[in-house]
Amino acid sequence: MSETLMIIIGIAILAAGTWLMRYSGAVLGNRLAFSDRAQALLTDAATTLLFSVALAATIYENDHFAGMARGAGVLVAVFLAWRKAPLIVVIVAAAVVTAGLRYLGMH
């Protein structure tokens with residue numbers, strides 16, 4: 001099979017899986033009752049998963065260290081988000097810091 005066809009099949013499988021997860025969540029959400037503690041644990045688990053994926057994407061690019069410039073950009077973004085800056089400001093500032101440090105030779 002061609003590479004383009006394999007990409008299209010992969011996208012279709014991911015789309016179908018995403019739709020099934022959302023549909024099953026809506027159906028099961030109406031039939032299952034979780035305790036407050038269980039709901040809190042599920043929320044914490046989702047947050048932990050997202051944080052770990054973001055951390056891995058920040059530190060590594062493929063199987064190599066991504067560099068200090070990316071880490072500095074992420075730290076700037078985290079600081080600005082913590083200070084409740086508008087999202088566009090957070091994104092642009094992180095990009096400018098990362099690009100500026102890479103321009104200056106820090107990778």
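This chain uses plain numbering: 1 for the first residue, then up along the sequence. What's counted below: heavy atoms across the whole structure, side chains too, no hydrogens, waters or symmetry copies. Every value quoted in this text rests on a predicted model; they were computed, and no experiment measured them.
In the hydrophobic clustering of this structure, Ile59 does not group with Val78; members are Ile, Leu, Val, Met, Phe, Trp, Tyr whose side-chain heavy atoms approach within less than 4.5 Å, directly or through other members. Using a 4.5 Å cut-off between side-chain heavy atoms of Ile, Leu, Val, Met, Phe, Trp and Tyr, with links allowed through other members, Leu75 and Tyr60 fall into different hydrophobic clusters. Cluster annotation: Val74 is not connected to Leu55 through the hydrophobic network of ILVMFWY side chains, with a link wherever side-chain heavy atoms come within less than 4.5 Å.
Here the straight-line distance linking atom CG of Leu41 with atom OG1 of Thr48 works out to 10.0 Å at 0.5 Å rounding. Note that the CZ atom of Arg102 and the NE2 atom of His107 stand 8.0 Å from one another [nearest 0.5 Å].
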May I have the list of side-chain donor-acceptor pairs in residues 80-94 shorter than 3.5 Å, sequence neighbours left out?
none

Side-chain polar contacts of residues 33-40 - donor-acceptor pairs under 3.5 angstrom, sequence neighbours left out - could you list them?
unit_1 : atom_1 : unit_2 : atom_2 : d
Ser35  : OG     : Ala38  : N      : 3.2

Residues 8-16 side chain polar contacts: donor-acceptor under 3.5 Å, at least two apart:
none

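Proximity of a side-chain donor or acceptor of Ser52 to a complementary backbone N or O of Leu49 within less than 3.5 Å is detected.
Hydrophobic cluster membership of Tyr103, counting Ile, Leu, Val, Met, Phe, Trp and Tyr whose side-chain heavy atoms lie under 4.5 Å apart directly or via other members: Leu104.
Residues satisfying the ring pair (Phe, Tyr, Trp, His ring centres under 6.0 Å) test with Phe51, not counting sequence neighbours, are none. Residues passing the ring pair (Phe, Tyr, Trp, His ring centres under 6.0 Å) test with Phe65, sequence neighbours excluded: none.
Nearest heavy-atom pair across Thr58 and Arg70 is O-CD, 3.2 Å. Considering all non-hydrogen atoms of both residues, Ala69 and Leu101 come closest at CB-CB, 3.9 Å.
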